[in-house]
Structure formats: C-alpha cells, structure tokens
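A short worksheet on the structure shown next.
Keep in mind that this is a model prediction, so the values were computed, not measured.
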Amino acid sequence: MIIREIKENELKDLLELYTHLHEAGVPADTEQLRNTWDAICHDRNHHIIVCEADGKIVSSCVCVIIPNLTRNIRPYALIENVVTHADYRGKGYATACLNYAKDLSVKADCYKMMLLTSAKSDSTLIFYKQAGYNCTDKTAFIQWL
C-alpha cells in the first residue's frame, strides 16, 4: 500500500474510482473537465490523496485547506469524496487516506477538519467515528444548488 497525492496524469483512474462513490459513470473528456482538473492540480490548498494497491488507485479522499480569519488566523480543512473501490473495502485504505489528510491539516496548522457524509449506514458512521470525527459538535446544513 502506498499513500500519496495524485499525479496529473491519473485523472482517468480517479474518475473510474469515483464510480464507486456515487457517480453514474465517467464524465466526458471536455474542456470544462480539463480546466477543472488543471485548477485542482495547481491549487496548493487542494489535495487529492490516493491509496495505491496492486498497482492501481483503490481509495481516495480530497482535503482542501481553507484560509481563515478567525481562530488566530488558522485555516481549517474540508474532507470530501472519501471512496474505496468495492473490491478493496475493509482493508484500511480509506483510513490511511484520512490519516494522510490529517497529517496535511496538522502541518498547515488547521484548527479543525470537517467531513460531511450522506451515508446513513451504521458501518460507515462508525468508520468515521473511529477515524476521529464526531457528529455532536456542530450541525451541518446543506443547500443543493
């Protein structure tokens, strides 16, 4: 198992992994996709963390470090798109990705990390609790656009 940040030439592999998250398929290779990928790759605060096993990307999460003017001007981190390929679940790969994200957040002097999930299954919620997240400190509200 290798935990690292994604490389620019691995977009196709990442998009295929996202089909195990909630995506219905891999999006078309459009100018918008390429521009978005380029912006992500060149944003020093946007980290796509991957776990490589058996020579392929099997798990990933996104960690975005957000500059902030409160809490002694300390940033915070947002974790999104936590996913593991269905054939590789339960082996600690997502936990390793989340731990890497935590290390990045600590190095950036973040005062908190936030993670939202739409999952309702006990196993997923327990997984996030075991990774150090809690669901009692704050209330999340979502407005879909």
Side-chain angles (χ1 to χ4, degrees), residues 1-24 26-53 56-85 88-145:
M1 163 176 51
I2 299 169
I3 305 298
R4 60 177 173 78
E5 292 198 46
I6 198 158
K7 299 172 188 166
E8 278 192 62
N9 66 345
E10 295 177 315
L11 174 60
K12 181 179 180 279
D13 298 329
L14 181 66
L15 294 175
E16 288 175 7
L17 178 62
Y18 281 169
T19 63
H20 294 267
L21 183 60
H22 51 64
E23 298 300 313
V26 175
D29 187 0
T30 63
E31 183 177 353
Q32 179 185 7
L33 176 68
R34 290 290 166 182
N35 289 342
T36 301
W37 181 241
D38 186 61
I40 288 169
C41 289
H42 293 95
D43 181 345
R44 66 181 180 86
N45 289 317
H46 199 129
H47 305 272
I48 299 178
I49 300 153
V50 297
C51 175
E52 185 180 326
K56 66 181 187 173
I57 294 173
V58 299
S59 189
S60 179
C61 73
V62 173
C63 176
V64 180
I65 308 294
I66 302 168
N68 181 38
L69 294 173
T70 65
R71 304 286 180 148
N72 289 322
I73 314 173
R74 292 175 66 196
Y76 57 93
L78 178 64
I79 307 301
E80 267 291 332
N81 298 335
V82 180
V83 59
T84 301
H85 187 289
Y88 290 84
R89 292 182 181 154
K91 299 178 192 281
Y93 299 143
T95 298
C97 288
L98 290 174
N99 288 339
Y100 190 104
K102 184 177 181 181
D103 290 343
L104 287 174
S105 300
V106 168
K107 287 178 187 170
D109 196 32
C110 292
Y111 78 94
K112 71 177 176 183
M113 297 173 67
M114 295 185 297
L115 179 150
L116 299 173
T117 182
S118 60
K120 305 294 184 224
S121 70
D122 287 339
S123 62
T124 301
L125 301 178
I126 289 168
F127 164 73
Y128 287 127
K129 288 177 184 177
Q130 289 175 339
Y133 295 86
N134 77 71
C135 57
T136 58
D137 288 349
K138 295 206 174 217
T139 301
F141 290 88
I142 305 282
Q143 185 177 73
W144 296 103
L145 305 175

For residues 118-130, which side-chain N or O atoms pair as donor and acceptor with protein atoms under 3.5 Å away, sequence neighbours left out?
from: Ser121; atom 1: OG; to: Thr124; atom 2: N; distance (Å): 3.4
from: Ser121; atom 1: OG; to: Thr124; atom 2: OG1; distance (Å): 2.9

Please report the interatomic distance NE2(His47) to CD1(Ile6), rounded to the nearest 0.5 Å.
13.5 Å
Which residues satisfy the side-chain contact (heavy atoms from CB on, under 4.5 Å) test with Met1, sequence neighbours excluded?
Ile3, Cys51, Tyr93, Ala96
Carefully, step by step, assess Val50 and Arg4 under the rule side-chain contact (heavy atoms from CB on, under 4.5 Å).
CA-CA 6 Å; Val50 297; Arg4 60 177 173 78; 3.7 Å; yes
CD on Glu5 to SG on Cys41, rounded to 0.5 Å:
10.5 Å
Cys63 and Ile79, any side-chain heavy atoms less than 4.5 Å apart
yes
Set of residues satisfying side-chain contact (heavy atoms from CB on, under 4.5 Å) with respect to Asn45, sequence neighbours excluded
Asp43, Ile65, Pro67
Flag side-chain contact, heavy atom, 4.5 Å: Ile40 against Val62
no
So how far is it from Asn81 CG to Ile48 CD1, rounded to the nearest 0.5 Å?
8.0 Å
Of Lys138, Arg71, Arg74, the residue whose pairing with Lys112 passes side-chain contact (heavy atoms from CB on, under 4.5 Å):
Lys138
Euclidean distance, Leu15 CG relative to Glu10 CD, rounded to 0.5 Å:
11.5 Å
Measuring from Cys135:SG to Leu116:CG, what's the distance to the nearest 0.5 Å?
12.0 Å
Let's go through Lys56 and Tyr88 carefully: what are the C-alpha distance in whole Å and the side-chain angles of both, what is the deciding distance for side-chain contact (heavy atoms from CB on, under 4.5 Å) to 0.1 Å, and is it a yes or a no?
CA-CA 11 Å; Lys56 66 181 187 173; Tyr88 290 84; 3.3 Å; yes
Before giving the answer on side-chain contact (heavy atoms from CB on, under 4.5 Å), spell out for His85 and Leu17 the whole-Å C-alpha distance, their side-chain angles and the decisive distance to 0.1 Å.
CA-CA 6 Å; His85 187 289; Leu17 178 62; 3.9 Å; yes
Heavy-atom distance under 4.5 Å between the side chains of Leu14 and Ser60, does that happen here?
yes
Suppose the criterion is side-chain hydrogen bond (donor to acceptor under 3.5 Å, both in side chains): which pairs have a residue in residues 29-40, not counting sequence neighbours?
Asp29-Arg34, Asp38-His42
What residues, two or more places apart in sequence or in another chain, satisfy side chain to side chain donor-acceptor pair (under 3.5 Å) together with Thr139?
none
Identify the two heavy atoms, one from Val82 and one from Leu21, that lie closest to each other, and give their separation to 0.1 Å.
O-CD1, 3.4 Å
Tell me which donor-acceptor pairs under 3.5 Å the side chains of residues 97-104 have, and how far apart each pair is, sequence neighbours excluded?
from: Asn99; atom 1: ND2; to: Thr95; atom 2: O; distance (Å): 3.4

